[in-house]
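Not measured: the values here are computed from a predicted model.
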Amino acid sequence: MHMSLTHDETVHIAKLAKLPLTSEEVDHYAEQLSPIVDYFNELSEVDVDGVEGTSQTTGLIDVLRPDEVDDTRYIPNEEALGQAKITHNGYFSVPPILSKDN
Amino acid sequence: MPILTITELHEKLKAGTVTCVQMVEHYLSRIKAQNESLNAFITISEEYAYEKAKAYDRIIADNPNAFSEFPLIGVVVSIKDLYLTRGIRTTAASNVLSDFIPQYSATVVQRLEHAGAIVIGKTNCDAWAHGASGENSDFGASRNPWNTEYVPGGSSSGSAIAVASDMSLVAMGTDTGGSIRQPASFTNLVGLKPTYGAVPRYGVIAMASSLDSMGHFTHTVEDSETLFSVTRGIDERDSTVKNVTYEPFDTSKTIKIGIPKEYFSEGLDPEVEKVVRAAAEVFKKMGIELVDISLPHTKYAISVYYIVQPAEVSSNLGRYDGVRYGNGRECFGAEAKRRIMLGTYVLSSGYYDAYYGKAMKVRSRIITDFKEAFSSVDAILAPVSPTTAFKLGQKANDPLQMYLADIYTVAANLAGIPGLAIPGGFASNGLPIGFQLLGNHFSESILFELGKRYQKVTDWHTKQPK
C-alpha cells in the first residue's frame, strides 16, 4: 500500500494541530511526510497477534502522595503572571473562543 | 592541560592551587573565545556563576567537611536549554520561548545546585530536542570542535561541545532517542542515558514523555557515576520515578557481554565497526565473555520510534499557545511543525490503529527482545551511530535520511533501558567514534563498572580537540 497525504488531508491535520500553515507549507509537508508515513508500512510485516501494546516502561500504576499543601510550591500571583504578554486585573487574558454571531 | 575530572578538580581545590572563582573565570574566558564559532551557548549566567563560586570558596575555607557535604562543590556545569532554571532564560532553542524566564527550576537542576555545582550557562540544541545534528536550533546551528565543518550531533549539541572544548567540566543533556549518546560519540565524551524512571523529568520541557531520559556528559565514566548518584532518585513531583536501591556491582562475578548481530548490519561504516569490535576485544582480554546475540525486531525500531515520539510530541507541544508565557504557535520552526503534523496524523481518527496502535505493539516486541537477551548476558555492546559526525547541511533537506541515522540509539529509549556511550577511537579523518553499552532496567552499576575498567586500559577519553 503506497500512502501519500493529500493537500486537503494535510490542511485537516494542521487544523487539528492548531498550526497556522501557509498553502506553500501545506504542500511542502504533504510532500515530506508522505515518504515517512510510507516507510512505516514495514510494520505490517510484524506479527503482533495477542501482543499487548506498551505505553510506558516502568510498570508503575497509580502513584499517590499525601494530599498536603506544600508552601514552598506557591508562586505569587504577580510572579505567575510575570511571563504573560497580556494580563487583565490580575488574570491571564485569553483569546475569545466564541464570536458575537454564535 | 585542562582539568578533566571531578577528582582532579577537588584535589586542586583542596590544595588551594585553584579556587572556584578561578574555575569560573577560566570557563568564561574559554566561552568568550570559542562561542562565536561553535555556538554552544544560548545564555551565559556569568553573574550567577561568580556569586555561587564566591560562596563555595568561602565554604571550602570555613567548612572542613565541604567536600563530603557537597559532592559536586565547584563543579562548573552547563545545562541544555530544556531544563528550567529559575530566573535564567530557558528557550528550548525555540523562538516560541525566546524570552521565557522560568519561575522554578527542574528537580535535576536543584539537586546539582544542592550538591555544590555551579551553572555557567544554557546550551544550544535542536529546538525542543528535535534532531540529531544541532541544525534545527532557532538560535543557529552549532559546530563540532573536532572539525567545525561537521555537526556536533544532537540534540544535546551545545552540552557536548561545552565539555569537549573545556567550556564547562560537565553538562546536562536529555536523551529521547539518542540525544546524549550520539553527540557524546561525535565529540569524544562519555554520555549517559539513564534507565527511564531513574532520574526525575520534573521541570524539563517535555519532548516525548514515555521516552525522555535526563542524563549527562563527562570525560570519564567515574564522573558519570558521581553525577548519576546526585541526580537520580524518587521525586514527589514526578510519579514515573521508581524507588530503586542500587547495589554495588559484585566484582567476583563473571561478566558476559552480548554482541547483537543486527547492530552490525548494512549501513554501518567500516571504520565505526572496527572501533566497536576493537572495544569488544578490550573487554575480552579482561576475561569478559563475548556472546553473539540477536535482537530480531531492531530494524522496526525507527518506524516505532517515529510514530510514538511525534505522537507524544504533538500532545506535549499542544500547550504552547503564548497565553501564559512565550510566543504563539506561528513561532514554531520547521522541524517542530513537521513532528507536530506527523504526530497529529498518526493519532488522528482512521489512522490511530494502523500507526500508533500497531507501533505500541511492536514496541512490546522490541522490549521482549531485550528481556530475552538480558536473561543470558549482563550488558550489550553496540555502535552508537552508523557513521562519524557528518557535514553541516549534508542531511538537512532529507528528514527521512536524518531519522534513519538514529537506528542504533532509539531502541533503548523504547525499552526504557540505560545506555552508556564511551569514547573508543578515531576515524581516519580525525573525527571521534564512540561505542555504547546497554543494560537491563536499573543496571547502571554494571555499565559503570565495565566503563571504568575500559577507561583504565585505554586513553581515548583524554584526547582533546585542537
Side-chain angles (χ1 to χ4, degrees), chain A residues 1 3 5 9-10 12-21 25-26 28-30 32-33 35-60 62-66 70 73 75-76 79-87 92-95, chain B residues 99-104 196-197 209-210 236-237 239-242 297 299-300 302-304 306-308 314 318 321-330 332 337-338 340-346 348 354-355 357-365 367-368 399-400 403-404 414-417 441:
Chain A
M1 179 175 63
M3 291 299 298
L5 274 77
E9 218 170 5
T10 311
H12 174 64
I13 297 297
K15 189 177 167 235
L16 291 176
K18 286 193 151 189
L19 278 182
L21 299 185
E25 278 181 307
V26 167
H28 177 66
Y29 286 121
Q32 274 196 333
L33 295 181
I36 296 168
V37 172
D38 207 34
Y39 189 85
F40 296 156
N41 287 320
E42 68 166 6
L43 293 183
S44 61
E45 299 162 22
V46 187
D47 177 12
V48 291
D49 265 3
V51 176
E52 287 275 326
T54 298
S55 58
Q56 57 113 320
T57 56
T58 61
L60 292 169
D62 295 343
V63 178
L64 303 174
R65 62 168 174 77
D70 175 358
R73 298 192 64 182
I75 296 174
E79 202 180 333
L81 292 170
Q83 294 297 309
K85 301 274 188 293
I86 312 167
T87 60
F92 293 113
S93 176
V94 303
Chain B
D99 56 1
F100 172 55
I101 297 173
Q103 294 100 336
Y104 62 96
Y196 181 91
S209 299
S210 82
E236 69 167 26
R237 297 169 190 186
S239 61
T240 60
V241 178
K242 235 174 171 174
H297 293 87
K299 76 170 277 223
Y300 303 108
I302 285 289
S303 285
V304 174
Y306 276 98
I307 292 170
V308 171
S314 71
D321 55 11
V323 170
R324 290 158 300 153
Y325 50 83
N327 306 306
R329 295 179 75 75
E330 70 283 357
F332 279 118
K337 284 182 190 167
R338 189 150 45 233
I340 293 169
M341 293 289 289
L342 186 56
T344 306
Y345 177 75
V346 299
S348 64
Y355 294 113
K358 179 83 187 215
M360 284 170 75
K361 289 179 181 175
V362 183
R363 183 177 184 180
S364 302
R365 287 281 198 208
I367 292 169
T368 307
L400 183 58
Y403 296 170
L404 292 174
L414 292 169
I417 59 171
H441 296 104

Distance-minimising heavy-atom pair for [X] and [Y]:
X	Y	answer
T58(A)	T240(B)	CG2-O, 3.6 Å
I340(B)	A17(A)	CG2-CB, 3.6 Å
K85(A)	G326(B)	NZ-O, 3.4 Å
R329(B)	L19(A)	O-CD2, 4.2 Å
V323(B)	S93(A)	CG1-O, 3.7 Å
Q83(A)	D99(B)	OE1-O, 3.5 Å

Original post:
Looking at residues at least two apart in the chain, or sitting in another chain, which of them share a salt bridge (charged side-chain N to carboxylate O under 4.0 Å, His left out) with D70(A)?
Top reply: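 D70(A) satisfies salt bridge (charged side-chain N to carboxylate O under 4.0 Å, His left out) with R237(B) once adjacent residues are dropped.
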
Are any non-hydrogen side-chain atoms of [X] and [Y] less than 4.5 angstrom apart?
X	Y	value
Q56(A)	Y196(B)	no
L21(A)	M341(B)	yes
L43(A)	K361(B)	no
V51(A)	T368(B)	no
Y355(B)	N41(A)	yes

[X], part contacting chain A, at a heavy-atom distance under 4.5 Å:
X	answer
A415(B)	backbone
D321(B)	neither
V346(B)	side chain
S239(B)	both
I367(B)	side chain

Please classify the contact between [X] and chain B as side chain, backbone, both or neither, with a heavy-atom cut-off of under 4.5 Å.
X	value
L60(A)	side chain
Y29(A)	side chain
Y39(A)	both

Subject >> Any side-chain donor near an acceptor of the partner, E45(A) and Y300(B), under 3.5 Å >> reply: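 Their side chains do contain a donor-acceptor pair, which is all the 3.5 Å distance test asks for.
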
**OP:** Go through S364(B), P399(B), G416(B), S210(B) and name the one with the most non-hydrogen pairs under 4.5 angstrom from chain A.
**Re:** S364(B)

Original post:
Between K242(B), R365(B), R338(B), which shows the greatest number of heavy-atom pairs under 4.5 Å with chain A?
Top reply: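 Heavy-atom pair counts peak at R338(B).
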
Original post:
Relative to chain B, which of G59(A), G82(A), P20(A) shows the most heavy atom pairs under 4.5 Å?
Top reply: P20(A)

